[in-house]
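Remarks on the structure that follows.
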There are 2 protein chains.
Amino acid sequence: MSGTHTDVPSMVATPLVLPVVADEYEQCPVTDVLRRVGDKWTVLVVVVLGQRPYRFNELHRGIPGISQRMLTRTLRGLEEDGLASRAVFPTVPPSVEYALTDLGRSLLGPLSAVADWAVEHQEQIARSRARVGQERFTAGGVQEPSRIAAPGQ
Amino acid sequence: MSGTHTDVPSMVATPLVLPVVADEYEQCPVTDVLRRVGDKWTVLVVVVLGQRPYRFNELHRGIPGISQRMLTRTLRGLEEDGLASRAVFPTVPPSVEYALTDLGRSLLGPLSAVADWAVEHQEQIARSRARVGQERFTAGGVQEPSRIAAPGQ
DNA sequence: CAGTATCCTATTTGATACTG
DNA sequence: CAGTATCAAATAGGATACTG
């Protein structure tokens with residue numbers, strides 16, 4: 001990470017002294033977006049809207065499995081953050097068009113960095129999960145009786 | 001996003017036909033990592049471990065606000081995915097050292113892309129939230145009576 | 001069409017106490 | 001020191017029904 005947001009100590013010795021109060025993390029912009037982006041549907045909606053503007057039910061059909069309620073909530077969230085726009089056309093029946101804003105489109109790049117990483121390493125991760133699952137079933141021993149003799153305090 | 005994982009239609013016309021079953025998204029590697037990374041503590045722990053290895057209570061002190069339970073769970077998750085390693089030294093009292101693996105370190109880059117985006121746009125997002133909050137209080141009208149007359153069904 | 005309202009379940013997180 | 005166990009609270013998510 002860049003280090004601009006929540007300054008983790010540059011390289012201080014134990015004990016580490018973070019310049020933060022107990023819950024400053026709650027307001028950390030990085031934690032903030034990652035939690036939004038980490039919810040169940042946001043990324044998917046952003047990616048789909050990244051293709052072109054969509055109307056509500058069109059999105060609903062386009063993202064199988066999402067409930068009307070969650071689609072609404074997700075879109076409201078994106079709108080609130082200025083990532084998507086909502087344009088209402090007073091026709092009958094009404095038509096509402098959602099589209100990414102410039103800000104929303106600017107997120108597509110960074111997002112794909114993580115996405116690419118995920119795709120690239122998915123097998124390795126899957127293998128790790130399987131292996132750790134096995135180890136839980138078998139072993140009970142200590143891995144490395146080496147290196148450190150006694151911990152500092 | 002790269003398009004390798006969940007192929008969103010390249011640019012097909014309405015109605016869009018996603019080549020996915022209802023809940024294939026649940027197993028999408030991208031959704032998968034983003035949900036892990038979107039939890040409350042994982043990114044923070046990864047970033048701190050990105051500095052150097054830490055022992056358990058050292059991490060606990062280094063991340064104010066995290067409970068012992070969540071620190072354990074977060075670390076177990078990272079370990080399971082192969083992002084962090086856990087080395088037990090059979091001293092008395094016991095000493096356990098956590099560190100990022102190569103895989104874990106390889107995530108730092110992609111993560112910082114999103115992190116930098118968040119830092120860069122945090123004010124714009126904050127302003128948007130404030131503005132939308134205001135609009136909820138005031139307006140009730142339609143924004144754009146323009147462009148479309150009647151929606152296609 | 002594009003939602004809202006309500007109810008309910010599941011998952012996440014936190015607080016507290018105890019242990020090898 | 002490095003956890004585990006248990007319980008409670010908060011939040012996310014889903015199903016269903018109704019509406020301008």
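Because only heavy atoms are used, hydrogens play no part in the values below, and waters and symmetry mates are left out as well, while side chains stay in. Chain letters run A, B, ... following the sequence lines, proteins first and then strands; every chain starts at 1.
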Which pair of non-hydrogen atoms, one from G82(A) and one from S128(B), has the smallest distance, and what is that distance?
N-OG, 3.1 Å
If a pair satisfies ring pair (Phe, Tyr, Trp, His ring centres under 6.0 Å) and one of its residues is in residues 100-130 of chain B, list it, with sequence neighbours excluded.
W117(B)-H121(B)
Set of residues satisfying side-chain contact (heavy atoms from CB on, under 4.5 Å) with respect to A99(A), sequence neighbours excluded
P53(A), S85(A)
If the cut-off is 4.0 Å, is R73(A) near the phosphate of dT11(D), judged by side-chain N/O to OP1 or OP2?
no
Could you work out, with side chain to side chain donor-acceptor pair (under 3.5 Å) as the rule, every residue matching R36(A), not counting sequence neighbours?
D81(A)
Partner set under side chain to side chain donor-acceptor pair (under 3.5 Å) for T74(B), not counting sequence neighbours
none
Are any protein N/O atoms closer than 3.5 Å to N/O atoms in nucleotides 2-4 of chain C? If there are, list each pair with its distance.
unit_1	atom_1	unit_2	atom_2	d
dA2(C)	OP1	V96(A)	N	3.1
dA2(C)	OP2	N57(A)	N	2.9
dG3(C)	OP1	R76(A)	NH2	3.1
dG3(C)	OP1	R86(A)	NE	3.3
dG3(C)	OP1	R86(A)	NH2	2.6
dG3(C)	OP2	Y98(A)	OH	2.6
dG3(C)	N7	Q68(A)	OE1	3.2
dG3(C)	N7	Q68(A)	NE2	2.6
dG3(C)	O6	Q68(A)	OE1	3.1
dT4(C)	OP1	R76(A)	NH2	3.3

Quickly work out the I63(B) CD1 to dT13(C) C1' distance and round it to whole Å.
15 Å
Kindly express the pairing pattern of DNA chain C in dot-bracket notation, using | wherever a base pairs with another strand and counting only Watson-Crick or G-U pairs under 3.5 Å.
||||||||||||||||||||
Round to the nearest Å and state the distance from M70(B) atom CE to dT11(D) atom P.
14 Å
Determine whether a donor-acceptor pair (N or O, by modelled atom type, separation under 3.5 Å) exists between the side chain of N57(B) and the backbone of H60(B).
no
If the cut-off is 4.0 Å, is K40(A) near the phosphate of dT11(C), judged by side-chain N/O to OP1 or OP2?
no
Can you tell me the distance, in whole Å, between the OH atom of Y54(B) and the C1' atom of dC1(D)?
18 Å
What's the separation between atom CD in Q124(A) and atom OG in S106(B), rounded to the nearest 0.5 Å?
7.5 Å
Under 4.0 angstrom between R35(A) side-chain N/O and dT13(C) OP1 or OP2:
yes
Is the side chain of R105(A) donor-acceptor paired with the backbone N or O of L100(A) at a distance under 3.5 Å, no angle test?
yes
